[in-house]
Amino acid sequence: MSTVAKAVSLLEALGADAPELGLADLARRAGFDKATTRRLLVSLIEGGLVEQDQLSRNYRLGAGLSRLALLREAKFPFRSTALPVVERLAQETGETVHLSEYSSRGLVSVHVIESTKANRVSVPVGMILPLHATASGIALLAFAAKKLREATANGTLEAFTQHTVGEPAKLLEMVEAARARGYSTSAQGFEEGVFSVASAILGPDGLAVGALAVAAPQVRIRKGDIERHGAAAAAAAREIGERLFGPQRGLARASGQ
């Protein structure tokens, strides 16, 4: 593992759950020895990406990460552009809505609006969404480059629940169905008791750059809800794409690239 990859692992460990971690806990979570962990932390602190509390001596994510995030958002305002559309979809459906963006590290949840209902679905910001096991992932694959679809189908299809799709042919069938209707569905593929629909957000080349999903408790979903939420998610995802890249009327909804 490269030095950069190790540093990223430390940042992800710090961002996982606890707001602060001590050296020993951080080293254990990252799988490094204390000397390596301390050396990496010194460099990250110098760059403002990690901070150390002077009293507890614990480590936390630094303000430098916020600066980098703002710089990135200024260049590609994905989250800020999508925010009003996401809020409107959450109000329309009454369920949890989450926005995800695709990068080389995978499909990442970047914004979540949880349902106000007592029984609701929670999706942590920063979660990596498995492409084969989530509605968001399947929606993205429906409008992804052919090599990504094939690599996912032929890769390890980890089982998260007993309902997770584990056969490449079945996964590709779900992807084709999502491309045909404009939105995907996932019944308890990633988490027991959760039903989701999602639609891909397309870039100017017709390939997916992210996805928009509506997630609800399985017990609350009826057939009419699936179609209604799916159509609403598809319309919202299309609006986000147009806000980012301009009119998409000429884009084909299928990609064989």
Please name the pair of heavy atoms, one in [X] and one in [Y], separated by the smallest distance, quoted to 0.1 Å.
{"X": "Ala139", "Y": "Ala198", "result": "CB-O, 3.7 Å"}
{"X": "Arg181", "Y": "Ser184", "result": "NH1-CA, 3.9 Å"}
{"X": "Ile138", "Y": "Ala178", "result": "CG2-CB, 4.3 Å"}
{"X": "Leu157", "Y": "Thr152", "result": "CD2-O, 3.3 Å"}
{"X": "Ala144", "Y": "Arg149", "result": "O-NH1, 2.5 Å"}
{"X": "Leu171", "Y": "Val165", "result": "N-CG2, 3.7 Å"}

Mind jotting down which residue pairs meet the ring-ring contact (aromatic ring centres under 6.0 Å, His included) criterion with at least one end in residues 152-171? Sequence neighbours excluded, please. His132-Phe160, Phe160-Phe190
Are [X] and [Y] packed together at the side-chain level, in the sense that at least one heavy-atom pair is separated by less than 4.5 angstrom?
{"X": "Val108", "Y": "Leu129", "answer": "no"}
{"X": "Glu150", "Y": "Leu172", "answer": "no"}
{"X": "Val209", "Y": "Tyr102", "answer": "no"}
{"X": "Val219", "Y": "Phe195", "answer": "no"}
{"X": "Leu212", "Y": "Leu99", "answer": "yes"}
{"X": "Pro217", "Y": "Val121", "answer": "yes"}
{"X": "Val50", "Y": "Arg60", "answer": "no"}
{"X": "His229", "Y": "Glu92", "answer": "no"}

Any carboxylate oxygen within less than 4.0 angstrom of a Lys/Arg side-chain nitrogen, looking at Arg222 and Asp225? no
Between Glu101 and Arg72 (salt bridge meaning N to carboxylate O under 4.0 Å), is one present in this structure? yes
To the nearest 0.5 angstrom, please state how far the [atom1] atom of [X] sits from the [atom2] atom of [Y].
{"X": "Leu41", "Y": "Glu46", "atom1": "CG", "atom2": "CD", "value": "11.5 Å"}
{"X": "Ile201", "Y": "Ser136", "atom1": "CD1", "atom2": "OG", "value": "9.0 Å"}
{"X": "Thr134", "Y": "Leu107", "atom1": "OG1", "atom2": "CG", "value": "6.0 Å"}
{"X": "Thr185", "Y": "Glu227", "atom1": "OG1", "atom2": "CD", "value": "11.0 Å"}
{"X": "Glu239", "Y": "Thr81", "atom1": "CD", "atom2": "OG1", "value": "11.0 Å"}
{"X": "Leu21", "Y": "Thr37", "atom1": "CG", "atom2": "OG1", "value": "11.0 Å"}

Checking [X] side chain against [Y] main chain: does a donor-acceptor pair fall under 3.5 Å?
{"X": "Thr36", "Y": "Phe32", "result": "no"}
{"X": "Arg57", "Y": "Gly22", "result": "no"}
{"X": "Ser115", "Y": "Lys117", "result": "yes"}
{"X": "Arg120", "Y": "Glu114", "result": "no"}
{"X": "Ser199", "Y": "Gly182", "result": "yes"}
{"X": "Ser109", "Y": "Ser100", "result": "no"}
{"X": "Thr161", "Y": "Gln188", "result": "yes"}
{"X": "Arg38", "Y": "Asp33", "result": "no"}

Worked check of side-chain contact (heavy atoms from CB on, under 4.5 Å) between Arg243 and Val85: CA-CA 10 Å; Arg243 285 182 176 220; Val85 184; 3.7 Å; yes
Intermediate values then yes/no, side-chain contact (heavy atoms from CB on, under 4.5 Å), Glu192 and Gln218: CA-CA 9 Å; Glu192 295 282 355; Gln218 174 91 8; over 6 Å; no
Tell me whether [Y] is reachable from [X] by hopping between hydrophobic residues (I, L, V, M, F, W, Y) whose side-chain heavy atoms are closer than 4.5 Å.
{"X": "Val125", "Y": "Val194", "result": "yes"}
{"X": "Leu131", "Y": "Val110", "result": "no"}
{"X": "Phe245", "Y": "Phe78", "result": "yes"}
{"X": "Leu83", "Y": "Phe76", "result": "no"}
{"X": "Leu40", "Y": "Leu61", "result": "yes"}

Audit row: Tyr59, Ile45, side-chain contact (heavy atoms from CB on, under 4.5 Å) steps and yes/no: CA-CA 9 Å; Tyr59 299 90; Ile45 289 172; 3.9 Å; yes
Apply side-chain contact (heavy atoms from CB on, under 4.5 Å) to Ile113 and Val86, showing your working. CA-CA 8 Å; Ile113 297 181; Val86 176; 3.9 Å; yes
Are there more than 12 heavy atoms of other residues, nucleotides or ligands under 6.0 Å from atom CZ of Arg67? no
Could you walk me through whether Ser80 and Glu73 pass the side chain to side chain donor-acceptor pair (under 3.5 Å) test, one step at a time? CA-CA 8 Å; Ser80 59; Glu73 184 71 14; 2.7 Å; yes
